[in-house]
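Presented below is the structure to which this report refers.
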Amino acid sequence: MRSDPGGRLPLWFGARVRRAAGAGAAVAAGAVACGWPHWREAPGAAAVTAACCGGFAVAGGVLAAGRSGHRTGLLFTVASAAWAVTWTASWDAGAAPLVSVFAQSVFFLAIGTGVLLYPSGRLGAAARLWTAAAALVLLGGQVLLCVTSRPEWNGFAPTVLWPALFPDRAVFDGSLRVLTGSLVGLGGFLVAILLGRLPRTSRLERAFTVPVTAAMAVAAAGAVAGQGSIAGGGVRLDDVLRVYLVQGVCATVLPLAFLATTLRSRLAELTVAERMQRLTDPLTVVKVRDALRGVLRDDTLDLWFWAPGDAAYVDGAGHRVPPDPGVPGRWRHEVRTSGGAPLATVELAAALRDHAPLVEAALVAGGRALETVRLQATAQAHLERARAARERLVRVQAAERERLAADLQRSARRRLRALEAMLAALEAAAGEPSARDQAAACRRELAEAVAELDDLARGVHPAILADAGLGPALELVAARAPVPVRLDLPARRFPPEIESTLYFALCEAVANAVKHARADRVDLEVRAGPERIVARVRDDGVGAAAPVPGGGLAGLTDRVGALRGRVCIQSPPAAGTILTITLPVR
């Protein structure tokens, strides 16, 4: 770890903090200089004001140097300087009082706008409206008060420089009351904007914005109360300076709140490593994802991993993740290995961009865990590719069976029928009885071959399955079965590979019930839901059925498994068999 030259400064006292402290000291000294005529008789108030102005400048410098709150920090620095200039009123001579009242307006406008800019650095529609209204009330209202009053009405000496263009006591008093009421409205509007943001913020962001909102409410209340206390007649300079002091102290809760949230953010970054290292073996994708969700307080966070074999990101189940669609309100942050290769992508709430250091700290702390579970995700991706290949094979087989059945029906059967007709003609034309008998025998053999070919075509892929669907095809199977088969089937159609797989699997189940279980009755039902199809075959046979290598039930299980389905067999001895097939709906 690198230390500062000479070792005389603590490690945490870096360049940014030193600059902020220097700005704070300069503004504090400026506040003392601006209010020196008053501070000579009130050293305690001088110390408080110097601390308040310096605190504003330090908070502004720290925020301006950070990734979030940069604009807020700049405005806080401006506000601290404006508050120091406000104390020039204590000189009560020349243009100092006039500069003072406008510096006070700039102070409140800067801190209000700075709070609205935190932490994103952007103003929404309501915030822009507040800023425009605040500029009109604080600056335009101050102009109105100046041109309609004399300096002594504001607590200053009659000899100071003052633009009393249209002095009128009644107009001035009325304008002052309207201005005070407008300040109350502005303060309430500002707090309402901040409160309205809370439901739309993440839990992490809310932990930082709630203290700022509360501090802003205190500052606004102090500003309005102080301004209202000097709204009447007979105001003296000491009254004005006392109000300045109260307003400054109330407003100082803002930089304190911001410094507290900044410190809390830095502590969160320091403790996140310890929290991420609480992950215990065996590590899983779900464990790492949930740990990141807890640390970053984002229950919508998702986690994907780079699979080099697929040249794409995959989720924990090995499924490919589409490229970033640019969803509003979401942020995809890429994580790379120390060598710069892609490792993972984290999708989280866009509001966490303002807390990028905390996100980075969490991902760095969980780096080893991410690399470990990336292996799991990559293995799942390989398995997913194998499953997809099996699915494609099943689809190709189903299509090939359908094509072969159609070829048998169209081509070979047509030729054999034509040959049968030729033999019939030959039989009729033959003069010799022996020749006619031989032609007739050939025609009978050919008719039997055509019938066997039709049966073969139906076995390869029955035409009724392709034309009418699973229901009519199973009704034909039930009609030909040697035992009663009760059917409960849906009328809807399914993708060809699903219909083909279900048809042959259910035919196998019915054949097993008749041939091996010696059942007297079979119940067959198919239930189709939005996500899966469940087919169930019950029989009243001898039970004790179990798949054996190379057997019909094993082949049935393999066929269903190729489409990511599963087969469940319940077959207690002498109690019948229940075979359940579940297939996902594509």
Side-chain angles (χ1 to χ4, degrees), residues 394 397-398 401-402 404-405 408 451-452 454-529 532-585:
V394 168
Q397 288 175 341
R401 281 196 300 269
E402 187 173 351
L404 179 58
L408 289 174
E452 290 177 359
D454 288 342
D455 290 339
L456 176 62
R458 282 192 296 271
V460 171
H461 195 93
I464 190 172
L465 179 62
D467 295 339
L470 183 65
L474 289 176
E475 288 174 359
L476 186 59
V477 171
R480 293 175 176 174
V483 299
V485 178
R486 186 185 67 84
L487 299 176
D488 184 0
L489 306 172
R492 60 179 283 195
R493 296 294 303 267
F494 303 103
E497 66 273 11
I498 290 182
E499 286 189 338
S500 176
T501 297
L502 274 177
Y503 174 79
F504 289 108
L506 293 174
C507 287
E508 180 70 27
V510 171
N512 284 339
V514 174
K515 182 178 179 181
H516 300 295
R518 301 187 294 277
D520 295 324
R521 178 182 176 86
V522 177
D523 293 332
L524 191 157
E525 65 175 356
V526 178
R527 292 280 183 266
R532 61 180 182 271
I533 303 171
V534 179
R536 191 169 285 110
V537 178
R538 295 185 179 89
D539 66 58
D540 58 357
V542 298
V548 295
L553 288 179
L556 183 155
T557 301
D558 291 341
R559 181 188 292 268
V560 172
L563 290 181
R564 306 193 189 202
R566 63 180 185 273
V567 177
C568 177
I569 301 174
Q570 297 171 282
S571 186
T577 299
I578 301 176
L579 184 144
T580 304
I581 299 171
T582 304
L583 280 174
V585 175

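Below, each value reflects all heavy atoms present in this structure, side chains not excepted, and no hydrogens, waters or symmetry copies.
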Spacing of [X] atom [atom1] and [Y] atom [atom2] [to the nearest 0.5 Å]:
X    : Y    : atom1 : atom2 : answer
L506 : L474 : CG    : CG    : 5.5 Å
I581 : T501 : CD1   : OG1   : 9.5 Å
R536 : T580 : CZ    : OG1   : 4.0 Å
F494 : L502 : CZ    : CG    : 7.5 Å
L583 : E499 : CG    : CD    : 12.0 Å

**OP:** Not counting sequence neighbours, which residues clear salt bridge (Lys or Arg N to Asp or Glu O under 4.0 Å) with R527? List them please.
**Re:** D488, E525
Subject >> Heavy-atom closest pair, residues R493 and G469 >> reply: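 For R493 versus G469, the nearest heavy atoms are NE-CA, 3.2 Å.
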Contacts under 3.5 angstrom, residues 513-523 side chains, donor-acceptor by atom type, not counting sequence neighbours:
residue: R521; atom: NE; partner: D523; partner atom: OD1; Å: 3.4
residue: D523; atom: OD1; partner: R486; partner atom: NE; Å: 3.3

Original post:
Side-chain contact, heavy-atom cut-off 4.5 Å: L489 with L524?
Top reply: yes
Enumerate, atom names and distances included, each donor-acceptor pair closer than 3.5 Å involving a side-chain atom of residues 565-576, sequence neighbours excluded.
residue: S571; atom: OG; partner: A544; partner atom: N; Å: 2.8
residue: S571; atom: OG; partner: A545; partner atom: N; Å: 2.7
residue: S571; atom: OG; partner: T577; partner atom: OG1; Å: 2.7

